[in-house]
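Whatever order the structure lists them in is the order used to number ligands and atoms, beginning at 1.
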Amino acid sequence: MAVATDTFTEKTDEQKAITEMVRQFADNEIIPVAEEYDHEDKFPEPIVEQMKELGLFGVTIPEEYGGMGLDLTTYAMIVEELSRGWISISGVVNTHFIGSYLLMKYGTDEQKDYFLPKMATGEIRAAFSLSEPEVGSDVQGIKSTAKQNEDGDWEINGQKMWVTNGLLSGVVFVLVKTDPKSDPPYKGMTCFICEKEPGADKVPGLTIPPKIKKMGYKGVESTELVFDGFKVSEDRILGGPDGLGEGFRQMMDALEVGRVNVAARGVGVAQRAMELALRYSQERKTFGKPIAQHQAITFKLAEMGTRLEAARLLTLKAARMKDAGERSDLEAGMAKLFASEAAKENAEEALRIHGGYGYSKEYEIERIYRDAPLLLIGEGTSEIQKMVIGKKLLERNKV
Ligand SMILES: Cc1cc2nc3c(=O)[nH]c(=O)nc-3n(C[C@H](O)[C@H](O)[C@H](O)COP(=O)(O)OP(=O)(O)OC[C@H]3O[C@@H](n4cnc5c(N)ncnc54)[C@H](O)[C@@H]3O)c2cc1C
């Protein structure tokens, strides 16, 4: 007997309307200028201003704080569209989304009331900072510290690395050790909400060196943060005094939703690479016919399309499980692993399909090919995802 069920990709009317709006925004405002900003490694200020007007910095922030109050699934659909336009645009909202999540879930009422309305409008943007020059995957190995003064304030010292939106953000969620002797180390780690002036490269206790030069993911800045006695009051511990020693757990939770976010970025990149490959392969002719008609190329398109659909379904599944309040650590890891690899593979296949032109800066695929590998690294490398997935599979299937 046939049973009518919703397809897994079906969107609600609201989701259809908002993703269509963001797709048009990407087609009209992002794609035509992305190459220019990429080549100059310039921050896309006019695009970001328009994103503020569209409310895209407050997608998941509750309406009572001025946001749209939408779920993770809808957010992932929006991120896919932005990333399809240019991965760096989704990078501007990515760290902001993680900061909003940390505040919404762990912030005190005062912290939420103070930060969320300004974050919902994009008046201030958020960054998060775990990585250090010697530490990325092994987060418990960080060396930066915070010490409490006699007046009750805390002072942060240490060097942070790879902070996306490090310069232009107005607030950074920084993970440091407040009890360096703690064993296990994660119990002695705390997340501080550090306010700073956006764009200022030197404020008391904090220096921001010039942005790191990267192969791709340009336009959005990645910086170091050098803390030297940066003062933070006790009420800027995430969650207030009760948040002392809770930073690792809070950040790991945020990275789990962050993985769905990166997976959605992967789907957007894989989608755009697919579109470019489909178009070029039907226009370019060799041996008397469009290259799409050569079976070797048709097969590439078939694999790209299948990979793209699988990546999208994994991503939506992880997002929907999280929205339903179900445990989704395994699914988020799988989605991140698969979608980021799909983005890299689709980018490479699309580049091959473009032949010599794929290697030219005149063609969009050249940028996408340089942008895609970031997804294999940020928010946990593919190797780390496999560790997470394997561990969770074993936990859920004990004999
Ligand atoms: C453009 C960009 C933006 C970033 N933005 C941010 C940001 O906003 N905030 C932030 O905090 N960080 C950010 N990062 C840092 C990023 O999260 C780290 O680079 C990432 O976690 C990997 O850490 P690492 O570079 O120190 O590599 P390492 O941890 O040194 O790893 C090196 C290699 O060893 C592998 N490896 C490590 N441990 C194991 C293991 N146990 N088993 C098998 N293989 C292993 C890794 O997979 C990798 O291939 C960003 C990075 C980049 C490139």
Practice task
Go through ligand 1 atom by atom and flag the ones less than 4.0 Å from a non-hydrogen atom of Leu374.
Solution key: 1 (C), 2 (C), 52 (C)
Problem - Contact check, Met387 vs ligand 1, heavy-atom distance below 4.0 Å - result: yes
Exercise for the section: Go through the steps for Glu80 and Arg84 under the test salt bridge (charged side-chain N to carboxylate O under 4.0 Å, His left out), then give the verdict. Expected result: CA-CA 6 Å; Glu80 177 191 328; Arg84 172 184 163 271; over 6 Å; no
Fill in the blank from the handout: Looking only at protein heavy atoms, what sits closest to atom 10 (C) of ligand 1 is Ser131 OG, 3.4 Å
Practice task
Kindly identify the option in Ser137, Ser88, Gly136 whose heavy atom sits closest to atom 28 (P) of ligand 1.
Solution key: Ser137
Exercise for the section: Using a strict cut-off of less than 4.0 Å between a Lys/Arg side-chain nitrogen and an Asp/Glu carboxylate oxygen, indicate whether Asp329 and Arg396 qualify as a salt bridge. Expected result: yes
Practice task
Specify whether the nearest protein heavy atom to atom 30 (O) of ligand 1 is under 4.0 angstrom away.
Solution key: no
Practice task
On the 0 to 90° scale, with breaks at 30° and 60°, tag the Phe230-Phe227 ring pair as parallel, tilted or perpendicular.
Solution key: perpendicular
Exercise for the section: In sequence, state the C-alpha distance, the side-chain angles, and the governing distance for Arg125 and Asn165, and then conclude on side chain to side chain donor-acceptor pair (under 3.5 Å). Expected result: CA-CA 8 Å; Arg125 297 197 301 272; Asn165 298 302; 5.1 Å; no
Practice task
Please report which non-hydrogen protein atom sits nearest to atom 20 (C) of ligand 1, along with the residue it belongs to and the distance in Å to one decimal place.
Solution key: Ile377 O, 3.7 Å
Exercise for the section: With Arg284 as the cation and Tyr357 as the aromatic partner, state whether NZ or CZ is under 6.0 Å from the six-membered ring centre and within 45° of the axis. Expected result: no
Exercise for the section: Determine if the distance from atom 33 (C) of ligand 1 to the closest protein heavy atom is below 4.0 Å. Expected result: no
Handout entry: Nearest non-hydrogen protein atom, atom 44 (N) of ligand 1
Key = Glu383 CB, 3.7 Å
Handout entry: Check against side chain to side chain contact (heavy atoms under 4.5 Å, CB included), Asp113 and Tyr65
Key = CA-CA 7 Å; Asp113 290 342; Tyr65 297 107; 3.4 Å; yes
Problem - Tyr114 six-ring centre to Lys118 NZ/CZ under 6.0 Å and within 45° of normal - result: yes
Handout entry: Minimum non-hydrogen distance to atom 8 (O) of ligand 1, winning option of Ile384, Ile142, Leu130, Thr164
Key = Thr164
Completion exercise
Heavy atoms of Ile297 and Ser281 approach each other most closely as CG2-CB, 4.1 Å
Handout entry: From the candidates Phe128, Trp162, Tyr217, the one that places a heavy atom nearest atom 6 (C) of ligand 1
Key = Trp162
Problem - Element-labelled atoms of ligand 1 that are located less than 4.0 Å from some non-hydrogen atom of Ser129 - result: 11 (O)
Practice task
Evaluate the 4.0 Å heavy atom contact test for atom 1 (C) of ligand 1: does a protein atom fall under the cut-off?
Solution key: yes
Exercise for the section: Ignoring angles and geometry beyond distance, decide whether Thr381 reaches within less than 3.5 Å of ligand 1 through its nitrogen or oxygen atoms. Expected result: yes
